[in-house]
Enquirer: 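Shown below is the structure under consideration.
Only heavy atoms go into these numbers, but all of them, side chains included; no hydrogens, no water, no symmetry mates.
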Amino acid sequence: MSRHTDTRWTAEVPERLGKALAHLDLEGITYEAPKTLKASTVGLLNLSERGTLFRAPKGAVVVRADNTMIMFNKIGL
């Protein structure tokens, strides 16, 4: 695994949203029960194709077209 494909971000999401994103089968995105979405850097970039990505030193936010926000925290901080 490279630094870009390692799981480095986690988010708590509603089950409906997590299952919908898992159904898209995006590279770098995994949905783990219950309500946990994990992403690599590549996964965040793939999500940004379906919304707007804002990155910060300790986290990231993806705002989707339907105004749903997914807030990711960096793992290991």
Side-chain angles (χ1 to χ4, degrees):
M1 291 184 113
S2 75
R3 187 169 180 220
H4 300 292
T5 57
D6 290 343
T7 300
R8 300 176 58 198
W9 309 87
T10 185
E12 188 173 312
V13 295
E15 188 173 347
R16 173 188 56 80
L17 179 60
K19 286 182 178 180
L21 290 173
H23 181 69
L24 293 175
D25 199 31
L26 296 172
E27 180 185 357
I29 300 291
T30 55
Y31 176 67
E32 297 180 2
K35 301 183 188 181
T36 303
L37 191 64
K38 291 190 176 180
S40 64
T41 302
V42 170
L44 285 180
L45 292 175
N46 286 334
L47 276 178
S48 72
E49 292 176 2
R50 289 163 173 76
T52 304
L53 173 66
F54 299 96
R55 290 197 50 197
K58 295 184 181 180
V61 176
V62 175
V63 181
R64 298 186 49 191
D66 62 356
N67 292 327
T68 306
M69 288 194 326
I70 306 170
M71 293 177 275
F72 287 90
N73 293 312
K74 205 166 193 179
I75 295 174
L77 289 180

Enquirer: Restricting to non-hydrogen atoms, name the atom on Pro57 and the atom on Lys74 that form the minimum distance, rounded to 0.1 Å.
Expert: O-CD, 3.7 Å

Enquirer: Are there more than 12 heavy atoms of other residues, nucleotides or ligands under 6.0 Å from atom CD of Glu12?
Expert: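 No, not enclosed.
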
Enquirer: Supply the atom-to-atom distance Ile75 CD1 to Ser40 OG, rounded to the nearest 0.5 angstrom.
Expert: 10.5 Å

Enquirer: Show the nearest heavy-atom pair for residues Arg50 and Leu24, with the distance to one decimal.
Expert: NE-CD1, 3.7 Å

Enquirer: Closer than 3.5 angstrom, by distance alone: can the side chain of Asp6 be matched with the main-chain N or O of Arg8 as a donor-acceptor pair?
Expert: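 Pair absent, no side-chain N/O of Asp6 close to backbone of Arg8.
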
Enquirer: Provide the closest heavy-atom pair for Ala39 versus Phe72 in the form atom of the first, atom of the second, distance.
Expert: CB-CE2, 3.9 Å

Enquirer: Can you tell me how far the CG atom of Leu53 sits from the CG atom of Leu45, to the nearest 0.5 Å?
Expert: 6.5 Å

Enquirer: What are the two closest heavy atoms between Gly43 and Ile29, and how far apart are they?
Expert: O-CD1, 3.5 Å

Enquirer: Linking I/L/V/M/F/W/Y whenever any side-chain heavy atoms sit under 4.5 Å apart, do Leu47 and Met69 land together?
Expert: no

Enquirer: Going from OG1 on Thr41 to CH2 on Trp9, what distance comes out if it is rounded to the nearest 0.5 angstrom?
Expert: 6.5 Å

Enquirer: According to a hydrophobic-cluster definition based on side-chain heavy atoms being under 4.5 Å apart (Ile, Leu, Val, Met, Phe, Trp, Tyr only), do Leu44 and Leu17 belong together?
Expert: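 Linked within one cluster.
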
Enquirer: Is there a chain of hydrophobic side chains (I, L, V, M, F, W, Y, each step under 4.5 Å between heavy atoms) that links Met71 to Phe54?
Expert: yes

Enquirer: With Leu21 as reference, evaluate Leu37, Val62, Thr30 under the side-chain contact (heavy atoms from CB on, under 4.5 Å) test and give the passing residue.
Expert: Leu37

Enquirer: Excluding sequence neighbours, so at least two apart, what forms side chain to side chain donor-acceptor pair (under 3.5 Å) with Glu15?
Expert: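 Only Lys19 meet the side chain to side chain donor-acceptor pair (under 3.5 Å) criterion with Glu15.
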
